**Q** 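So that we are looking at the same thing, I have put the structure below in structure tokens.
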Amino acid sequence: MKSLGILLSGRGSNFVAIADSIDAGRIPDARISVVISNKADVPGIATARARGLTALVIPSKGRPREEHDREVVGALKQHGVGLVCLAGYMRLLSPWFVQQFPHRILNIHPSLLPAFPGLEAQEQAFAYGVKVSGCTVHFVDEELDHGAIIVQKTVPVLNGDDEHTLSARILEQEHIAYTEAIKIVLAGRFEVVGRRLVAGQKAEVRMQE
Ligand code: GRF
């Protein structure tokens, strides 16, 4: 049984999509061992508790990054987490955190990376006037929204869109993409060569600089 740890800071719809996929058997042999928020009173934590999951608040405000990260990593390890899923976690991880889970931290970002990294990606894409946007699930490395790409989904930008309708259409695809990416990573049948993840037969992760 693979143990997932979810880190979030807010609404938690990607967390719910992952939890639903596990409950429905779309992600086999996995469970969510702990949900951690760096902010108190967020919907994601209330939802996790309502679903009977262990949910912790480890506040980050005003704390040095690595000091906070050490507490979070301690909780993840205490709960036996093997794969960390960032799901709207609005805090950069320290290099130390990333090194604790090599190729075992995923993030979802609401644009087709490397376009529009950072905050408010959907608004950035809409304002730029792109005709296609989407979402990206990627490994987390030490740079923001940067690690090797696991899954991307495209979404058209329609004439009548505003940033809200576009965000909603991207979010639907996020929920599908995250489950796909987790399945690929847990199955282990892929290689990472340079930046390229190649799905295949090999049960190994090979990173080349
Ligand atoms: C999503 O758009 C995700 O791509 C981004 O933050 C948002 C989180 O939404 N990283 P939710 O909390 O999962 O509903």
Side-chain angles (χ1 to χ4, degrees), residues 4-24 26-27 32 34-51 53 55-60 69 72 83-93 97-98 101 105-128 130 132-157 161-182 184-185:
L4 273 53
I6 308 278
L7 302 190
L8 52 75
S9 304
R11 179 176 58 182
S13 74
N14 278 286
F15 147 61
V16 168
I18 295 166
D20 285 348
S21 284
I22 290 174
D23 289 350
R26 290 190 294 271
I27 304 176
I32 294 173
V34 64
V35 178
I36 300 174
S37 172
N38 65 320
K39 292 191 177 159
D41 303 324
V42 295
I45 286 293
T47 307
R49 290 192 175 135
R51 293 180 79 114
L53 296 169
L56 309 175
V57 176
I58 303 180
S60 58
D69 280 359
V72 173
L83 182 68
V84 181
C85 298
L86 309 188
Y89 188 61
M90 304 303 285
R91 190 161 168 92
L92 274 176
L93 303 190
F97 189 143
V98 174
F101 292 94
I105 309 174
L106 312 187
N107 182 43
I108 187 153
H109 183 76
S111 75
L112 294 174
L113 290 171
F116 312 116
L119 292 174
E120 299 181 343
Q122 308 96 322
E123 288 80 351
Q124 290 185 56
F126 185 78
Y128 198 90
V130 298
V132 177
S133 191
C135 62
T136 305
V137 185
H138 62 94
F139 285 112
V140 171
D141 67 9
E142 288 157 19
E143 292 177 51
L144 177 68
D145 298 331
H146 178 266
I149 292 169
I150 305 163
V151 170
Q152 288 187 308
K153 298 281 180 196
T154 58
V155 166
V157 182
D161 268 341
D162 58 25
E163 56 267 45
H164 304 292
T165 55
L166 177 60
S167 295
R169 195 174 313 112
I170 292 173
L171 191 63
E172 283 176 23
Q173 294 304 310
E174 291 185 39
H175 296 161
I176 297 166
Y178 221 149
T179 290
E180 280 183 25
I182 290 169
I184 290 169
V185 172

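Nothing fancy with the numbering, it's 1 onward along the sequence. When reading the values below, keep in mind they use all heavy atoms of this one structure, side chains included, and skip hydrogens, waters and symmetry mates. All figures in this text were calculated on a predicted structure; none of them were measured in a lab. Counting starts at 1 for both ligands and their atoms, in listed order.
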**Q** Can you list the residues that meet the ring-ring contact (aromatic ring centres under 6.0 Å, His included) rule with Y178, with sequence neighbours excluded?
**A** none

**Q** Measure the distance from atom 11 (P) of ligand 1 to every protein heavy atom, then report the residue, atom name and distance (to 0.1 Å) of the closest one.
**A** S13 N, 3.4 Å

**Q** Which atom pair, heavy atoms only, marks the closest approach of S60 to N38?
**A** OG-ND2, 3.0 Å

**Q** At their closest point, which heavy atom of S111 faces which heavy atom of F116, and how far apart are they?
**A** OG-O, 3.2 Å

**Q** Output the list of atoms in ligand 1 that are nearer than 4.0 Å to some heavy atom of P110, sorted by atom number.
**A** 2 (O), 4 (O), 5 (C)

**Q** Looking only at heavy atoms, what is the nearest atom pair of L112 and T136, with distance?
**A** CA-OG1, 3.6 Å

**Q** Heavy-atom contact check, 4.0 Å cutoff: does L8 meet ligand 1?
**A** no

**Q** Can you tell me if D41 has over 12 outside heavy atoms packed within less than 6.0 Å of its CG?
**A** no

**Q** Among protein heavy atoms, which sits nearest to atom 10 (N) of ligand 1, and what does the distance come to when rounded to 0.1 Å?
**A** I108 O, 3.0 Å

**Q** Among all protein heavy atoms in this structure, tell me which lies nearest to atom 4 (O) of ligand 1, with the distance rounded to 0.1 Å.
**A** E174 OE1, 2.7 Å

**Q** Atom 12 (O) of ligand 1: which of A17, G88, P43, G12 has the nearest heavy atom?
**A** G12

**Q** Can you report which non-hydrogen protein atom sits closest to atom 9 (O) of ligand 1, along with the distance?
**A** R11 NH2, 3.1 Å

**Q** Contact between F139 and I105 at the side-chain level, heavy atoms closer than 4.5 Å - yes or no?
**A** no

